[in-house]
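Both backbone and side-chain heavy atoms feed into the values below; hydrogens, waters and symmetry mates do not. FYI, the numbering just counts along the sequence from 1.
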Amino acid sequence: MNRKARFLGHLIHPMLIVFPLGLLATAVVFDLISLFSGNPLWTGIAFYMIGAGVVGGLLAAVFGLWDWRTIPSGTRARAVGAWHGLVNVVVVILFVGSWALRYDHPLVPGALALTLSFVAGALAGVGGWLGGELVERLGVGIDPNAGLNAPGSLSGSRDDRRDAA
């Protein structure tokens, strides 16, 4: 496996991460709304968002691992990528714990379920920052021909050899 996973010329992992990140972050916001408003409907919605976010996170992780394996060993990018993946696996595990603790009573999560959700939400920010470091500082996943006037990804001018690691 020496190529990053792509669909229609774009990396799959970055396309997928928006779903779990958005769902899980919104679940944390809904938990906070519920705490401040006293309305348990928000924690009920958060329960379902966490479930969907975990599924999406696991799917994104598969493609993230695939891409990580293409980063050359001994590079800073490989180390940052490993931390990015590890942090995000912990995030998913914490959200799974929060979801499991809510399972019998989604409208009335206990303090531990909420704490896991809040800690996981904060860690997701760290994992996202590490992902940004990979792309914006280390150039992982950036097309070497990228530019303001580069041809479109479906133009047929893509050079697949750039993914060889």
Side-chain angles (χ1 to χ4, degrees), residues 1 3-71 73 75-142 153:
M1 179 170 26
R3 296 204 173 154
K4 291 176 178 61
R6 294 183 178 275
F7 178 70
L8 297 177
H10 291 281
L11 295 175
I12 295 172
H13 178 68
M15 285 191 273
L16 292 179
I17 57 129
V18 296
F19 296 107
L21 191 56
L23 287 163
L24 297 172
T26 305
V28 170
V29 170
F30 285 2
D31 280 340
L32 289 169
I33 290 171
S34 182
L35 280 176
F36 289 110
S37 72
N39 185 343
L41 175 65
W42 296 105
T43 54
I45 297 168
F47 171 78
Y48 291 104
M49 294 183 85
I50 291 170
V54 164
V55 170
L58 293 173
L59 183 60
V62 170
F63 289 98
L65 178 61
W66 181 331
D67 290 351
W68 176 76
R69 291 181 48 151
T70 69
I71 300 172
S73 297
T75 62
R76 179 168 176 263
R78 180 83 172 208
V80 171
W83 279 107
H84 167 71
L86 180 64
V87 167
N88 286 316
V89 165
V90 170
V91 166
V92 169
I93 290 169
L94 291 173
F95 272 116
V96 165
S98 178
W99 185 85
L101 289 168
R102 299 165 188 248
Y103 188 78
D104 289 333
H105 303 287
L107 297 178
V108 202
L112 181 56
L114 292 172
T115 300
L116 290 177
S117 175
F118 298 147
V119 170
L123 280 176
V126 173
W129 182 87
L130 289 167
E133 185 77 359
L134 282 167
V135 173
E136 295 181 25
R137 297 295 271 165
L138 300 171
V140 173
I142 302 295
S153 59

Open item on the list: What verdict does the side-chain contact (heavy atoms from CB on, under 4.5 Å) test give for R102 and I50, after you've listed the backbone C-alpha separation in whole Å, the side-chain angles of each residue and the deciding distance to 0.1 Å?
Closed with: CA-CA 10 Å; R102 299 165 188 248; I50 291 170; 3.7 Å; yes

Open item on the list: How long is the straight-line distance from NE2 of H13 back to CG of L134, given to the nearest 0.5 Å?
Closed with: 8.5 Å

Open item on the list: For a 4.5 angstrom cut-off between non-hydrogen side-chain atoms, does F118 reach L94?
Closed with: no

TODO: Quick one: pull up CD1 in I17 and CG in L11 and give me the separation to the nearest 0.5 Å.
DONE: 11.0 Å

- [ ] Starting at CZ of F63, measure out to CE of M15 and round the result to the nearest 0.5 Å.
- [x] 9.0 Å

Open item on the list: Are there over 12 heavy-atom neighbours, none belonging to F19, within less than 6.0 Å of that residue's CZ?
Closed with: no

- [ ] Assert yes or no for the condition that the ring centre distance of W99 to F95 is strictly below 6.0 Å.
- [x] no

Task: Close side-chain approach of R76 to E133, heavy-atom, < 4.5 Å - done: yes

TODO: Please determine, by modelled atom types, if S117 and D31 share a side-chain donor-acceptor pair under 3.5 angstrom.
DONE: yes

TODO: For residues L114 and P109, report the shortest heavy-atom separation together with the two atoms involved.
DONE: CD2-CG, 3.9 Å

Open item on the list: Taking A111's backbone N and O only, do any of them form a donor-acceptor pair with T115's side chain (distance below 3.5 Å, no angle check)?
Closed with: yes

TODO: Start with the C-alpha distance between N88 and V91, add both sets of side-chain angles, then the distance that settles side-chain contact (heavy atoms from CB on, under 4.5 Å), and finish with yes or no.
DONE: CA-CA 5 Å; N88 286 316; V91 166; 4.3 Å; yes

Task: Minimum side-chain heavy-atom gap V108-T43 below 4.5 Å - done: no

TODO: Mind checking the CD1-CG spacing from I45 to N39? Nearest 0.5 Å is all I need.
DONE: 8.0 Å

Open item on the list: Within the 4.5 Å heavy-atom criterion, are V62 and L58 side-chain neighbours or not?
Closed with: no

Open item on the list: Can you confirm whether M49 sits close enough to F30 that some side-chain heavy atom of one is under 4.5 Å from a side-chain heavy atom of the other?
Closed with: yes

Open item on the list: Counting C-beta onward and ignoring hydrogens, is there a side-chain heavy-atom pair between W42 and L107 closer than 4.5 Å?
Closed with: no

